[in-house]
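The next block holds one structure in the form of structure tokens; read it before the comments.
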Amino acid sequence: MKKQIQELLLQSLATLESKEIIPASKDLAIKIENSRGSEHGDFASNVAMTLAKKAKTNPRQLAQSIIDHLPESDILDRVEIAGPGFINFFLDQNAHQAIVSEIINKGEQYGDSNVGANTPTLIEFVSANPTGPLHIGHGRGAAYGAAVASLLKKTGFDVSCEYYINDAGRQMDILAVSVWLRYLQHIGAEIPFPENAYQGDYINDIAIKLHKEHIEKFVLPAENIIPLFKEEDPELKIDGLIKYCIDNLGEENYRVVFDAGLDSILITIKNDLVGFGVEFNNWFSERSLVENNTVNQCIEKLVENDWIYEKEGAQWFRSSKLGDEKDRVLIRENGQATYFASDIAYHLNKVERGFKKIIDVWGADHHGYIARVKASMEALGLSSEKLEILLVQFATLYRGKEKLQMSTRSGEFITLKELQDEVGKDAARFFYIMRKSEQHLDFDLELAKSESNDNPVYYIQYAHARICSVFRQLTEKGIKYLQADALKDVSNLNEPHEIKLLANLARYPDVIENAAITYEPHQLAYYLKDLANDFHTYYNANQFIVEDNKIRNARLTLIEATRQVIKNGLALLSVSAPEVM
RNA sequence: GCGCCUGUAGCUCAACCGGAUAGAGCACCGGCCUUCUAAGCCGGGGGUUAGAGGUUCGAGUCCUCUCAGGCGCGCCA
């Protein structure tokens with residue numbers, strides 16, 4: 001609808017250009033917005049004000065010329081000038097009513113568009129280190145990433161979702177050692193446990209399973225291990241333990257312990273995500289980049305173009321030449337590549353797989369990382385404009401007024417699974433995306449759980465269930481409703497609440513498109529609340545099942561269309577649309 | 001100290017690349033169930049958009065400074 005108005009405006013402006021009333025210009029950015037109040041019509045444009053200066057006239061006069069040259073159209077009832085020079089468009093009733101059959105005909109496809117033009121798009125999100133179960137902080141990234149992915153799919157992007165598994169690097173070695181030490185303790189060895197190793201109970205579970213499968217294959221004498229705890233620096237202590245473990249268990253056995261931890265945690269993560277309604281097309285292993293030499297090749301390429309230099313025994317990347325604050329280490333003094341080195345290879349790989357749009361969803365604590373990744377892409381001759389990094393601020397969990405603290409290392413955190421078990425998937429998913437991603441999120445467990453008026457999820461779902469209920473009533477009363485016939489009666493929709501609902505239903509495709517291209521799923525959440533409100537108001541003001549056949553049919557098709565849009569919108573957020581509540 | 005994000009009603013938050021009288025929910029006050037689910041609806045009070053300048057027809061939105069909060073500034077990931 002908006003597009004049609006835009007087209008009319010463009011034609012009028014073209015006429016004015018040809019008459020030289022306004023100067024010709026190449027790209028006219030015509031902005032049409034949905035009017036806020038109905039007294040300003042259905043749509044409004046500010047072109048007259050933006051063009052007035054160029055046309056050397058005043059806005060209201062120009063607005064009049066524009067209106068005078070608008071082509072005839074049956075979708076418009078009237079057009080008015082208002083305020084400083086706004087042009088307000090009032091839609092004809094028929095145009096409003098036509099949306100009902102459009103929605104019913106398109107069904108689940110209502111709201112789809114092709115602005116994405118099948119652009120190959122990769123969205124990487126969650127990508128939590130496999131060192132423990134997902135906690136509620138990861139949940140926000142999961143819900144947000146999944147929602148953005150769904151929106152992009154709906155708007156015609158060819159989307160692939162990916163989880164990057166950080167299965168290489170020091171954190172994973174710490175995990176392996178944590179498992180190994182718990183395993184030794186489980187067998188009965190009197191060995192301490194470092195405070196900076198992973199403390200969670202899940203480590204014990206993995207250790208016990210390891211013992212069950214491999215018996216005492218990984219036992220080393222405790223008297224050789226205990227001296228390693230004399231080291232005072234906790235970081236050096238754990239490094240010593242890692243080294244001892246690898247050296248004395250042997251690469252092969254160490255890998256078994258390492259993989260026991262990795263695999264077990266990864267399975268948990270996958271299951272939790274599936275339960276949360278989040279599925280990935282691909283799980284990409286960091287280790288694979290190291291093992292198939294992509295990381296080395298990448299570094300060689302940078303060396304060739306003089307992006308690398310040596311300092312203090314390490315290999316540095318000249319990221320400061322490309323907008324970063326400082327240069328960054330790629331190869332440490334000990335010969336190990338840094339996480340950043342893998343990440344350069346990973347982003348190169350993403351481009352080489354043919355993705356034209358690459359989206360990374362990161363926690364806000366990684367923002368300092370953006371400049372170096374973009375720098376690395378430029379250094380490799382790739383356009384960093386393909387890369388879109390979306391930051392998600394942290395979520396703070398509250399139980400009523402009480403703030404719940406957490407940290408992964410200490411093992412004191414609320415997992416995503418626990419959250420879901422407590423508040424349910426629907427509320428969890430909705431609450432996570434309800435706020436703009438760059439806003440800190442206060443997640444109140446009590447509120448999410450409450451099956452009451454304060455909970456927006458139920459408010460929307462209730463609208464859906466109520467509509468389903470009306471149709472059940474219809475059946476009970478034995479009243480016939482034939483959709484195809486009923487659609488012919490939509491001209492009976494003229495009550496103020498009906499017009500409001502029709503107008504809001506028509507907005508849906510715009511909402512989806514805008515939410516998608518700005519990566520803001522919260523817009524959809526707000527829209528659905530608004531739509532649900534329109535419906536509840538209508539429900540309370542007008543009776544649907546009335547004597548008059550035509551009016552009854554018209555109203556039923558309207559709420560049927562409403563039901564469809566609510567269902568479509570909730571589906572995008574992976575929130576269910578119950579038929580009974 | 002430097003960089004990024006945030007600051008809107010008592011609380012939690014919206015405000016569509018700068019638009020018209022800044023909007024919702026919660027909380028508070030007052031109404032609506034012999035009629036399709038009251039998990040609902042209607043009405044009311046509540047604001048110097050942290051503060052000060054600037055840009056222009058027009059600023060919560062853009063620029064500068066100040067104040068407050070969060071995060072980052074590793075040869076960790």
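Labels below follow one simple rule: chain letters A, B, ... track the order of the sequence lines, proteins then strands, and each chain is numbered from 1. Side-chain atoms are counted along with the backbone in the values below, which use heavy atoms only and exclude waters and symmetry mates. Because the structure is predicted, anything quoted here is derived from the model rather than measured.
Base orientation of B:rC67: anti, since the glycosidic angle falls outside 90° of 0.
The interatomic distance linking A:Phe431 (CZ) with B:rC13 (P) rounds to 12 Å, in whole Å. One interatomic measurement links the two molecules: CG of A:Asp444 to C1' of B:rU12, which rounds to 9 Å at whole-angstrom precision. Between the P atom of B:rC41 and the CG atom of A:Leu531 lies a distance of 13 Å, rounded to the nearest Å. Protein atom CD1 of A:Ile32 is 15 Å distant from nucleotide atom P of B:rG19, rounded to whole Å. Counting to the nearest Å, the C1' atom of B:rA38 and the CZ atom of A:Phe535 are 14 Å from each other. Taking atom CD on A:Gln543 and atom P on B:rU34, their separation rounds to 14 Å, with Å as the unit. Rounding to whole angstrom units, CG of residue A:Asp530 and C1' of B:rC13 are separated by 15 Å. For A:Asn46 and B:rC16, the CG to P distance is 13 Å, given to the nearest whole Å.
B:rA20 has its base stacked against the ring of A:Phe86, the centroids being under 5.5 angstrom apart at an interplanar angle below 30°.
No donor-acceptor contact under 3.5 angstrom links the side chains of A:Gln64 and A:Gln61, judged on distance only. Under 3.5 Å, the side chains of A:Tyr508 and A:Gln564 contain no donor-acceptor pair of N or O atoms. For the 3.5 Å distance criterion, the side chains of A:Glu498 and A:Tyr538 qualify, holding a donor opposite an acceptor. Between the side chains of A:Arg435 and A:His440, no donor N or O sits under 3.5 Å from an acceptor N or O. For the residue pair A:Asp530 / A:Asn504, a side-chain donor-acceptor distance below 3.5 Å is found, with atom types taken as modelled. A side-chain donor from one of A:Asp327 and A:Tyr309 sits under 3.5 Å from a side-chain acceptor of the other.
A ring-centre distance under 6.0 Å is found for A:Tyr346 and A:Tyr164.
By the 6.0 Å contact criterion, CD on A:Glu579 is open, its count of non-hydrogen atoms from other residues, nucleotides or ligands being 12 or less. Surrounding CD of A:Glu385 are at most 12 heavy atoms belonging to other residues, nucleotides or ligands under 6.0 Å away.
Out of B:rA39, B:rA14, B:rG19, the shortest distance to the side chain of A:Pro84 is found at B:rG19. Out of B:rA20, B:rU12, B:rC16, the shortest distance to the side chain of A:Asn514 is found at B:rC16.
B:rC63 and B:rC5 have their P atoms separated by 10 Å, given to the nearest Å. The separation of B:rA15 from B:rA24, taken at their P atoms, amounts to 15 Å, rounded to a whole angstrom. Taking atom P on both nucleotides, B:rG70 is separated from B:rU12 by 15 Å, rounded to a whole Å. The gap from the P atom of B:rG45 to that of B:rG25 amounts to 14 Å, rounded to the nearest Å. The same atom, P, is picked in B:rC17 and in B:rC62; the two are 12 Å apart, to the nearest Å. With both ends at atom P, the span from B:rC11 to B:rC41 equals 25 Å, rounded to whole Å. Across B:rA39 and B:rU66, the matching C1' atoms stand 47 Å from one another, rounded to whole Å. Atom C1' of B:rG69 sits at a distance of 33 Å from the matching atom of B:rC75, rounded to the whole Å.
Remark: A:Lys436 is in phosphate contact with B:rA15, judged by side-chain N or O atoms under 4.0 Å from OP1 or OP2. Within the structure, a side-chain polar atom (N or O) of A:Gln439 is placed less than 4.0 Å from OP1 or OP2 of B:rA14. Under 4.0 angstrom from either OP1 or OP2 of B:rU12 there lies no side-chain N or O belonging to A:Tyr526. OP1 or OP2 of B:rC42 has not a single side-chain nitrogen or oxygen of A:His497 nearer than 4.0 Å. OP1 or OP2 of B:rA38 lies within a sub-4.0 Å distance of a side-chain N or O belonging to A:Arg466.
Heavy atoms of A:Val511 sit nowhere under 4.0 angstrom from any nucleic acid atom. Looking at heavy-atom distances under 4.0 Å, A:Thr537 makes contact with sugar-phosphate atoms alone, never a base. The residue A:Asp173 sits apart from the nucleic acid: no heavy atom pair falls under 4.0 Å. Using a 4.0 Å heavy-atom cutoff across all strands shown, A:His536 reaches sugar-phosphate atoms only and no base atom. As judged by a 4.0 angstrom heavy-atom cut-off over every strand, A:Ala52 is placed among residues making no nucleic acid contact. Across all strands, A:Asn88 comes closer than 4.0 Å to base atoms (heavy-atom distances). Counting non-hydrogen atoms under 4.0 angstrom, A:Ala541 reaches nothing in the nucleic acid.
For RNA chain B, each stem of at least three Watson-Crick or G-U pairs (distances under 3.5 Å) is given as range with range: B:1-7 with B:67-73, B:10-13 with B:23-26, B:28-32 with B:40-44, B:50-54 with B:62-66.
Nearest-nucleotide positions on RNA chain B for A:Asn533 and A:Ala82 put A:Ala82 closer to the 5' end. In terms of position along RNA chain B, the nucleotide closest to A:Ser437 lies nearer the 5' end than the nucleotide closest to the other residue of the pair A:Lys477 and A:Ser437.
Taking the six-membered ring where the residue is Trp, A:Tyr369 and A:His366 present perpendicular rings, their angle passing 60° and hence far from 30°. Taking the six-membered ring for Trp and thresholds of 30 and 60 degrees, A:His347 and A:Trp362 have ring planes more than 60 degrees apart, a perpendicular arrangement.
No side-chain donor-acceptor contact under 3.5 Å links A:His40 to the backbone of A:Ser35.
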### Summary
Readout for nucleotides 71-77 of chain B: B = base within 4.0 Å of protein heavy atom, S = sugar-phosphate only, - = neither; 5' to 3' it is BSSSBBB
